[in-house]
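Notes follow once the structure below has been shown.
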Amino acid sequence: MESIVIALAAGGLALLMALVLAWFVMRQDEGSQEVREIGELIREGAMAFLKAEYSILAVFVVVIFIVLAVFIDYNVLDNARLKELQSGGFGITTDGPWTALSYLAGALGSALAGLIGMSIAVRANTRTATAAGEGLNKGLRVAFSAGSVMGMTVVGIGLIGVTALWLIFQDFSIVAGFGFGASSIALFARVGGGIYTKAADIGADLVGKVEAGIPEDDPRNPATIADNVGDNVGDVAGMGADLFESYVGSIIAALALAASGAGLVALGAAGGADDFDSDLFVLPMLVAAIGIGASIFGNFLVRAPEDAGMSRLLWTIRTGIFTAGGLALAGTAVAIIVLDLDFRLFWAVVVGLVAGQVIGTATEYFTSYENRPVQWIAAQSPTGAASVIIAGVAIGLFSTVIPAVAIAAAIWGANELAGVYGIALAAVGMLSTLGITLATDAYGPVADNAGGIAEQAHLDPEVRERTDALDALGNTTAATGKGFAIGSAVLTALALMVAYSQVTGLSKDAFNLLNADVMVGLIIGGMLPFLFAGLTMKAVGDAAGDMIEEVRRQFREIPGLREGLPGVKPDAARAVDISTRGALRAMILPGLIAISAPIIVGAWLGGETLGGLLLGSIVAGFLLAIFMANAGGAWDNAKKYVELGNYGGKGSDAHKAAVEGDLVGDPFKDTSGPSLNILLKLMAIVSLVFAPVFIKVSPLIDLI
């Protein structure tokens, strides 16, 4: 009970820290009247999109709530531990629509985390632009504090939600509903926000930079405001919901495996209901709690000297992350000793954290313009866009090697140390310091917005130089954050899949690759990430096409707009509306496929085929996600490397080629790639939640 209280207190501390950081951001100078007016346009557009998106998602959430309340009956599960836990910590029977209510709580938690993070981000952008006028470190502190609000909100709400539900019910099948709610909102938020931001970005850059030859974020460009809005709805609200789901999913996977007794043979347990210590339930929540305290400490170490270059800025970020990781490990060691658990569990956490750092460092190497891969892509720009695109694809493919080896080693090592439970614990360890790693990701869009505001408000060029430096760093740290999320998705999805097999009573032999049913599932599962990525890429292309035509129309039909005559302004509201409608329309189909595919396969083809589907999706989705995220990040920073004055700099043919490469990479890194990690975990947790249906209903194909 004391450990549970510690976890709840840590969640509360994270929310208190978020409140303090938000207060610090709001105390900063918002800037001139012109800066404030631009910020207000961005804020209004972002909130309007989120309101429209959440209105659609509310209908979806209600439908799933009803389905869960009516059809999910866990009494059919023949699992000794579940029978033992039929009465929760407060004597509440697990019979009833509790999973549905847990689902609702997860959906609300995910939506709330995204809303809070974005609300601060759209207020921090003007303040960051103004602070950058005083110095690089001041701009970094404001932007990073805004990002930290997102990080602390996600871990605070996530840990409190999971811990409170476990404290009340002590039944992972109910807590899994919380993860399902978080995953479903995350997928729609990430896909919808990603389509919005990339449609606006591509329209603004292609017509503005390439065709009209005007600077990025130029106030003459009708898509500029929509582009700035997109940074917030996609890279803040969408990303916050994404990592909220990753965070709670890793904890729930560990709870599920502890409850089912899966993988505990390595700890000296036989796998029965009475053969393992109840502290195995508490440990993942305690590791997460320790990570919160470590993240808060690491947050205060992020400082930069005024003359800092990219290397120094990166080292500043690393100092905070590495310190937080070291403190989290030390605290975890103490917790395991105090709980008198097998110390091999500590090494499983180490495996997860180390694997995360390896993936993050590899991602940084392949996406930072200070390293050879990105510089090599930029070197192709004088020969045209095709050369840039080919080079980016090559770098993206190469970049999968180190993360794949790291994840394979982590799975093997964690399993050797502590069984499948160790794999789930490794995922918890990897995300334990999410409070600061998410901050390094979420601050990037704030800095990007600040640069756009500086350009539109005609602030001193030195301000734009500083915000560009922070934005370039944000591109690299964002890619690193995506690497963490994707890596943890593999470990979490694998752990959830094993929990699904335990709950449904499927043995290891059931997943024999020589079994035709399993092979069918593998092929379907391997195909789904490609179908999903194709749908989201097409959605961005369609929405971007509408945006491009609108920007061209305004340049053509509004006299004096292209020339920048005094008093002539673009119709920014029209561009915002195009991105909004395109994103909301296109996000539905990919989301429905992700949720319905495991249900249809499980009901139609049976549990073994569904297990194969999960395995296939994990392998294919992991590699495809890494490829897309890293290729996109590399293209983006190759463009920035050219803009620094290399190969002719801004306005040159090489620059236009680099911009076109970046336009291809935009949906790679900000829509399709990061959405795939949610796809993996969502299908796994849907399988776990709907396991009673698959047990109760014979495979429909057997009835034909």
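Just so we're clear, the structure is a prediction, and the values are computed from it rather than from any experiment.
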Inter-residue atom distance [X].[atom1] - [Y].[atom2], 0.5 Å rounding:
X	Y	atom1	atom2	value
T367	I395	OG1	CD1	11.0 Å
L425	L417	CG	CG	10.5 Å
M497	M683	CE	CE	12.5 Å
L431	L353	CG	CG	9.0 Å
F668	D662	CZ	CG	12.0 Å

- Task: Might you confirm whether atom CZ of F343 has over 12 heavy atoms from other residues, nucleotides or ligands at distances under 6.0 Å?
- Result: yes

- Are more than 12 heavy atoms from other residues, nucleotides or ligands located less than 6.0 Å from atom CZ of F398? no

- Item | Pairs meeting criterion side-chain hydrogen bond (donor to acceptor under 3.5 Å, both in side chains) with involvement of residues 144-158, two or more places apart | S148-N299

- Sequence neighbours excluded - side-chain hydrogen bond (donor to acceptor under 3.5 Å, both in side chains) pairs with any residue from residues 112-123: none

Is there a donor-acceptor contact under 3.5 Å from the side chain of [X] to the main chain of [Y]?
X	Y	value
N677	P674	yes
T440	T437	yes
Y443	L470	yes
T197	G194	no
S675	T671	yes
Y421	L280	yes
T323	G320	no
T433	S295	no
N371	P373	no
S110	A107	no

Taking distance alone, no hydrogens or angles, what donor-acceptor pairs closer than 3.5 Å link side-chain atoms of residues 239-256 to residues at least two apart or in another chain?
unit_1	atom_1	unit_2	atom_2	d
D242	OD2	R190	NE	3.4
E245	OE1	K681	NZ	3.0
E245	OE2	S183	OG	3.0
S246	OG	D242	O	3.3
S246	OG	K681	NZ	2.4
S250	OG	Y247	O	2.8

Taking all atoms of both residues into account, what is the closest heavy-atom pair of [X] and [Y], and its distance?
X	Y	value
V142	A124	CG1-O, 4.3 Å
I377	A638	CG2-CB, 3.7 Å
N232	A121	OD1-CB, 3.6 Å
P445	V236	CB-CG2, 3.7 Å
M150	G117	SD-CA, 3.7 Å

- Please identify each residue that fulfils side chain to side chain contact (heavy atoms under 4.5 Å, CB included) with V350, with sequence neighbours left out. L329, F346, W347, V354

Which donor-acceptor pairs under 3.5 Å do side chains of residues 282-293 form with protein atoms, sequence neighbours excluded?
none

- Residues in salt bridge (charged side-chain N to carboxylate O under 4.0 Å, His left out) contact with D666, at least two apart in sequence or another chain: K198, K669

